[in-house]
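Since the structure comes first, as structure tokens, the remarks are kept for the end.
Just so it is clear, the structure is predicted and the values come from calculations on it, not from any experiment. Every number for a ligand or one of its atoms is a count from 1 in the order of the listing.
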Amino acid sequence: MAEVPRPLVMGIVNITADSFSDGGRYLDRDAALAQARRLIEEGADILDLGAESTRPGAEPVSEDEELSRLIPVIEAIRAESPIPISADTMKPAVARAAVAAGASLWNDVAALRYRPDAPAAAAELGCQVVLMHMQGEPRTMQDDPRYDDVVGQVAAFLDARARAAMAAGVRRENILVDPGIGFGKTAAHNLKLLRHLDQIVALGFPVLLGVSRKRLIGELDASAKAPRDRLGGSLAAALAGARRGAAILRVHDVRQTVQALRVQAAIEGT
Ligand code: HH2
């Protein structure tokens, strides 16, 4: 097997969980900070902080609410750790505030399409930006997703969005792409994208991959209804992504993913 560099592990810090929603903001901040510390300790290379759920059917969160959830947590992490921080947001104003607070990566599931000024904002910020593929929008994207050629269409979309970003002044080396597993896709679409991830890698940008605990795993294992029961599937997908050249894996279970990657690399001698 060809030598493949081990992907970086991006740990997910959600400032959206229902269990926190009726607590005060201070509680949110503390809980998110505790999760960030745990993931750093477990070996995360990057933290991805999101304050708006993009789950199928999720309701949008206002800009003010997103800012008030996200920025204090970024500031608190930055005050105690040099770990790279990614802000998972579609809104240019939130990305701007996140970068000012210490984030170095804008993870945009809307691939800079949410507002017309998003590509220019990314260029001006000079941070890395993840362009993710999504068919439709989170509220309705799982209603009836259709493609003629899912891999070809996702690759063409990502290529077009990367060109649009570069035309607006984003530097090529700051662009990452993501096929958007679960974003307007059936299980068959997701599996095709994972099987042919090399075609996304061939675009020439580092690929970020997020499969951790997603519904796809529950569809392949009907006993794994709860997301926390999907660790085995998450690890299988992470290893498959690593073998096909993913540069960053976005995961909930950092310790287990780092361990699985380490064992795979040791076996393959990389
Ligand atoms: N998936 C989710 C959110 N952000 N960003 C990228 N680049 N790629 C992904 O696959 C991706 C993403 C899923 O989000 P959600 O369902 O809100 O939950 P969680 O953040 O716990 O994964």
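Contact between K214 and ligand 1 is present, with at least one heavy atom of the residue lying under 4.0 Å from the ligand. Residue contact annotation: S53 has a non-hydrogen atom under 4.0 Å from ligand 1.
The shortest N or O to N or O distance between R250 and ligand 1 is below 3.5 Å. Where the criterion is an N or O separation shorter than 3.5 Å, residue side chain and backbone included, N14 meets it with respect to ligand 1.
Taking 4.5 Å as the limit, every side-chain heavy atom of V251 sits out of range of all side-chain heavy atoms of I12.
Closest approach of A120 to A168, counting heavy atoms only: N-CB, 4.0 Å.
In summary, the atoms of ligand 1 found under 4.0 Å from a heavy atom of G210, numbered by their order in the structure, are 10 (O). Remark: ligand 1 atoms within the under-4.0 Å shell around heavy atoms of H252 are 19 (P), 21 (O), 22 (O). Taking every heavy atom of L208 and a limit of under 4.0 angstrom, the matching atoms of ligand 1 come to 7 (N). Set against the non-hydrogen atoms of N107, the atoms of ligand 1 under 4.0 Å away are 5 (N), 6 (C), 7 (N). Near M132, meaning under 4.0 Å from any of its heavy atoms, are these atoms of ligand 1: 6 (C), 8 (N), 9 (C).
Only the side chain of D88 comes within 4.0 Å of ligand 1, judged by heavy-atom distances. The side chain of V109, and not its backbone, has at least one atom closer than 4.0 Å to an atom of ligand 1 (non-hydrogen atoms only; side chain from C-beta on).
Salt bridge R243/E268: absent, no basic N to carboxylate O contact under 4.0 Å. Using a 4.0 Å cut-off between charged side-chain N and carboxylate O, R37 and E41 make no salt bridge. Using a 4.0 Å cut-off between charged nitrogen and carboxylate oxygen, D229 and R213 do not count as a salt-bridge pair.
Counting side-chain heavy-atom gaps under 4.5 Å among Ile, Leu, Val, Met, Phe, Trp and Tyr, the cluster of L176 also holds L8, M10, I46, L105, V130, L208, I248.
Just one of D178, D45, D48 meets the salt bridge (charged side-chain N to carboxylate O under 4.0 Å, His left out) condition when paired with R250; it is D48.
Between the side chains of S62 and D64, not a single donor N or O lies within less than 3.5 Å of an accepting N or O.
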